[in-house]
Amino acid sequence: MLVETPDAFEPLIYASVVISSAIAVQLAVFLFFVAFIEPDRRQPGKLRRRFTPFNCLLFIMASTMLIQSSIEISCIRAVQNNQYHMFEIIRAVQVAFVSLWEAAYISFTWLRSRDIIDQMTPRLSAVAKYFVYTHVAITVTQFIPKLVGLAFPSAMPTLTVIAESLPIVIALAMLAFDISLLVLFIMYLNSSPGVTPVTQSTLKAHVHSIAKDYPAARLSISVRNSLTLKKDIDPRLKIIAYHGIASIVCGFVIIALMVLWILTYERYLLLVFVFMHAIFWVLFTMKVALWKQKRATVSGITT
């Protein structure tokens, strides 16, 4: 890591403050949407519906980003004042929150993408699920070797190797997962519409899934024992695919920036926070787009 004069760190502190402020605004916008815009006031159990897995994961991503960028200011101050032991402790805590963000991101990506995975490669769906579980378990514990090394200095050399190797292994695994999803998203968007038989039970299950979210909607089904309908690209999955591609591209940039940060100095880590912020915004806009699409679908059924 390059050595810089104390004055050189001041712009980094200002940049961290700006990034933290932007993330705080982003978190406030997300909470306002979840609390006041997304819930249907006609639905029972509005409070319970706000705490969906997707909302909880997005909240974890936004809140941990805010904490990370705030901690970064303390990290810079510690280096500026030559408090390197304190810097290592603060950095270990920061890595813990980065780990939570990574775990929330891959969990959100998996939950939103599994319908496309099931449709495009059903045999690999179970493999992908266990990969995500394993990846999350390793990710959330990657900060432990560093903390143990700080508590037991005699074991620091060995634990440092582990602490520095884990992020590389996690990044490579995440890169492979993202590339696989990117290929599946592109394949899905390029898939040709076809004709598929739809049974009465399948159609009812689809409509009832909408009715579960909008019980006030008056739905009726009048079909024969079997139908033949045109199989177009699901607009919901199309939204997921496009936004998934955008978030994966940002993920590729983050991996490249992390390499530059390891090889050079602090300012690249701030750019990592910027693209983490971009990924959250992409996923949040995907949530809004899916909400609008669901409302449009229900509106079409009830009119």
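One-based numbering along the sequence shown.
The side chain to side chain contact (heavy atoms under 4.5 Å, CB included) test applied to S20 returns L66, S69, S70, not counting sequence neighbours. Residues passing the salt bridge (Lys or Arg N to Asp or Glu O under 4.0 Å) test with K287, sequence neighbours excluded: E38. Under the salt bridge (Lys or Arg N to Asp or Glu O under 4.0 Å) criterion, R236 pairs with D115, sequence neighbours left out. Qualifying side chain to side chain contact (heavy atoms under 4.5 Å, CB included) partners for S165, counting only residues two or more places apart in sequence or in other chains: V161.
Applying the side-chain hydrogen bond (donor to acceptor under 3.5 Å, both in side chains) rule to pairs touching residues 239-257 yields nothing, sequence neighbours excluded. Among residues at least two apart or in separate chains, there is no salt bridge (charged side-chain N to carboxylate O under 4.0 Å, His left out) pair with a member in residues 170-189. Pairs passing the salt bridge (charged side-chain N to carboxylate O under 4.0 Å, His left out) check and including a residue from residues 51-70, sequence neighbours excluded, do not occur. Within the structure, the side-chain hydrogen bond (donor to acceptor under 3.5 Å, both in side chains) test picks out the following pairs touching residues 24-35 (sequence neighbours left out): Q26-H277. Note on residues 271-281: no pairs pass salt bridge (charged side-chain N to carboxylate O under 4.0 Å, His left out), not counting sequence neighbours. Counting only residues at least two apart or on different chains, no salt bridge (charged side-chain N to carboxylate O under 4.0 Å, His left out) pair has a member in residues 130-142.
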Would you be so kind as to tabulate the donor-acceptor pairs closer than 3.5 Å made by side chains of residues 269-276, with sequence neighbours excluded?
none

N/O donor-acceptor pairs under 3.5 Å from side chains in residues 103-111, not counting sequence neighbours:
{"from": "S107", "atom 1": "OG", "to": "A103", "atom 2": "O", "distance (Å)": "2.7"}
{"from": "T109", "atom 1": "OG1", "to": "Y105", "atom 2": "O", "distance (Å)": "2.8"}

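L290 places a side-chain heavy atom less than 4.5 Å from the side chain of M286.
A donor and an acceptor atom, one from each side chain of T139 and E102, are nowhere located under 3.5 Å apart.
When all heavy atoms of W101 and M61 are compared, the pair lying nearest together is CD1-O, 3.2 Å. Pairing each heavy atom of I23 with each of A62, the nearest pair is CG2-O, 3.7 Å.
Aromatic ring orientation, F131 versus F177: parallel (interplanar angle below 30°, classes split at 30° and 60°).
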